[in-house]
Amino acid sequence: MTDYQHILLAADFSEQAHYVAEKARSLADKYQAKLSIVHVLDNIPMPDTNYGTVIPLDEDSQDKLLEAEKTKLMRLGDQLVVDFANRWLLWGIPKQEIIHIAEQEKIDLIVVGSHGRHGLALLLGSTANSILHYAKCDVLAVRLRDN
Ligand code: AMP
């Protein structure tokens with residue numbers, strides 16, 4: 001196996017995200033790889049659809065949301081010592097955007113958290129599952145437990 005050169009941490013800023021982040025940092029150190037972080041904002045205002053209405057956020061709340069997420073990304077980037085140019089905040093569907101940026105930036109390992117869902121939740125799928133299925137590079141799913 002060749003060493004990883006560019007590792008991507010998919011950060012959702014959940015309570016357990018720091019655990020996933022530490023794994024990504026320690027792998028990047030081990031392989032002397034570049035580390036990047038991506039966070040995807042999925043609260044995109046949607047118009048009325050055939051299936052129902054998604055209430056759009058007003059401009060002010062959008063700005064506040066963006067600022068809050070930017071602050072979290074910057075804080076995590078500082079903690080993990082990630083270059084400013086490698087801290088990415090994107091709009092869209094997390095699984096799609098993560099896979100897309102990984103291809104674009106020639107990432108060779110994506111690090112995500114995985115809740116080990118089962119039953120109906122497993123059938124419905126998750127961000128981690130989709131990335132595992134569709135990413136063209138290696139994926140490390142860090143198992144997260146509820147406690
Ligand atoms: P989920 O299956 O949706 O609970 O998410 C599992 C993992 O996917 C998280 O631990 C993150 O690594 C990643 N992830 C989920 N949502 C996002 C997001 N909005 N931006 C970046 N990564 C995400």
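All ligand and atom numbering here is 1-based and tracks the order in the structure.
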Neighbour count >12 (heavy atoms, 6.0 Å) for atom CD, Gln32
no

Going by atom types only, do His39 and Glu69 share a side-chain donor-acceptor pair under 3.5 Å?
yes

Please work out which of Val40, Leu8, Ile110 has its closest non-hydrogen atom nearest to atom 20 (N) of ligand 1.
Val40

Over 12 foreign heavy atoms within 6.0 Å of OH, Tyr19:
no

Just to be sure I read this right, does ligand 1 sit under 4.0 Å from the backbone of Val38, its side chain, both, or neither, counting only heavy atoms?
backbone

Near His39, which atoms of ligand 1 are under 4.0 Å from a heavy atom of that residue?
19 (N), 20 (N), 21 (C)

State whether the shortest distance between N or O atoms of Thr127 and N or O atoms of ligand 1 falls below 3.5 angstrom.
yes

Between His115 and Ser126, do the side chains contain an N or O donor and an N or O acceptor separated by less than 3.5 Å?
no

Suppose I only count heavy atoms of Val112 and a 4.0 Å limit; which atoms of ligand 1 are within that range?
12 (O)

Quick one: does any side-chain atom of Asp108 pair with a main-chain N or O of Gln5 as donor and acceptor, under 3.5 Å?
yes

For atom CD of Glu103, decide whether the heavy atoms of other residues, nucleotides or ligands shown that lie under 6.0 angstrom number more than 12.
yes

Could you list the atoms of ligand 1 found under 4.0 angstrom from a heavy atom of His115?
4 (O)

Considering distance alone, does some N or O of Gly113 sit under 3.5 Å from an N or O of ligand 1?
yes

What atoms of ligand 1 come within less than 4.0 Å of a heavy atom belonging to Ala128?
2 (O)

Asp78 bridged to Arg87 by N-O distance under 4.0 Å:
yes

Counting heavy atoms only, name the option from Asp12, Asn129, Ile93 that's nearest to atom 9 (C) of ligand 1.
Asp12

Which one holds for Gln16 and ligand 1: side chain close, backbone close, both close, or neither close, with close meaning a heavy atom under 4.0 Å?
neither

Taking the non-hydrogen atoms of Asp42, is any one of them nearer than 4.0 angstrom to ligand 1?
no

Please indicate whether His6 has more than 12 foreign heavy atoms, meaning atoms of other residues, nucleotides or ligands, lying under 6.0 Å from its NE2.
yes

Note: Ala11, heavy atoms under 4.0 Å from ligand 1, region reported as backbone

Please evaluate residues Lys70 and Glu67 with respect to the criterion salt bridge (charged side-chain N to carboxylate O under 4.0 Å, His left out), reporting the C-alpha separation (whole Å), side-chain torsions for both, the decisive distance (0.1 Å), and the verdict.
CA-CA 5 Å; Lys70 249 196 217 169; Glu67 274 313 308; 3.7 Å; yes

Nitrogen or oxygen of Pro94 less than 3.5 angstrom from that of ligand 1
no

